[in-house]
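Quick notes on the structure that follows.
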Amino acid sequence: MTIAFNIRRAAPIAAPIIALGLMLAVTPTAMSAEVLQSGSFVGQSDHITTGTATIQKDGNSVVLVLGSNFSLDGAPDPTVGFTRNGKFIPASQVAELKMLNGRQTYTLPKGFLAQAYDAVTIWCRKFSVPLGSAKLS
């Protein structure tokens with residue numbers, strides 16, 4: 001006995017089931033992160049920096065997420081770090097900025113205390129100036 005399977009008839013039924021499976025696989029992880037602090041970037045030193053920054057705790061890790069709306073107009077040697085009382089803390093530098101635009105995630109060191117800083121700052125190492133900061137609350 002041969003069983004014929006018509007893919008054209010099955011596709012309308014299979015697509016929603018596949019989509020539901022993908023949603024179930026993605027949703028628990030996305031919902032498990034706890035937002036500790038967040039803010040919106042404001043450009044500095046005649047640079048245009050926009051978008052959001054969020055510090056999240058996900059299990060045992062603390063991560064900094066620059067949102068999909070993040071944008072920097074460009075600069076030499078941009079890094080990601082933190083500011084306290086309007087002063088950039090060089091020891092807080094996390095990493096070189098990965099991209100000038102879009103969502104990016106940086107794992108923060110173990111023992112990182114988000115409340116020790118008041119802003120995420122994109123810093124230009126070459127000229128020692130802030131390119132933009134997101135005040136955290």
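All values derive from a computational prediction rather than experimental measurement.
Here the CD1-CD distance, from I55 to E34, works out to 12.0 Å after rounding to the nearest 0.5 Å. Once rounded to the nearest 0.5 Å, the distance linking CZ of R84 with CG of L136 reads 13.0 Å. Once rounded to the nearest 0.5 Å, the distance linking CD1 of I48 with CG of L72 reads 9.5 Å. Separating the SG atom in C124 from the CG atom in L97 is a distance of 11.5 Å, to the nearest 0.5 Å. Atom CD of residue Q37 and atom NZ of residue K135 lie 10.5 Å apart, to the nearest 0.5 angstrom. To the nearest 0.5 Å, the span separating OG on S61 from NZ on K110 amounts to 5.5 Å.
For the residue pair T79 and Q93, a side-chain donor N or O sits within less than 3.5 Å of a side-chain acceptor on the partner. In the model, Q44 has no side-chain atom that pairs as donor or acceptor with a side-chain atom of T49 under 3.5 Å.
Applying the 6.0 Å contact sphere to CG of L100 captures more than 12 heavy atoms from other residues, nucleotides or ligands.
Here R103 pairs with T105 under the side-chain hydrogen bond (donor to acceptor under 3.5 Å, both in side chains) rule; sequence neighbours left out. Residues satisfying the salt bridge (charged side-chain N to carboxylate O under 4.0 Å, His left out) criterion with D77, sequence neighbours excluded, are R125. By the side chain to side chain contact (heavy atoms under 4.5 Å, CB included) test, T107 pairs with V63, sequence neighbours left out. The side chain to side chain contact (heavy atoms under 4.5 Å, CB included) check on S45 picks up H47, V129, P130, with sequence neighbours excluded. With sequence neighbours excluded, the residues that form a side chain to side chain contact (heavy atoms under 4.5 Å, CB included) with S71 are T50, N101.
Pairing each heavy atom of Y117 with each of I89, the nearest pair is CE2-CG1, 4.1 Å. Residues A134 and G39 approach most closely at CB-C, 3.9 Å, considering heavy atoms. Pairing each heavy atom of G86 with each of D118, the nearest pair is N-OD2, 4.1 Å.
Residues V80 and L64 are in side-chain contact: their nearest non-hydrogen atoms beyond the backbone lie under 4.5 Å apart. Between V65 and Q56 there is a side-chain heavy-atom pair separated by less than 4.5 Å.
The hydrophobic cluster containing F88 also includes W123, under a criterion of side-chain heavy atoms closer than 4.5 Å among ILVMFWY residues, counted directly or through chains of members.
Using cut-offs of 30° and 60° on the angle between ring planes, the pair F82 and F112 is tilted.
Under the 3.5 Å distance criterion, the side-chain polar atoms of Y106 are matched with a main-chain donor or acceptor of K98. Of the possible polar contacts, one joining the Q104 side chain to the G102 backbone as a donor-acceptor pair under 3.5 Å is found. In this structure, N69 contributes its side chain and T52 its backbone to a donor-acceptor pair below 3.5 Å.
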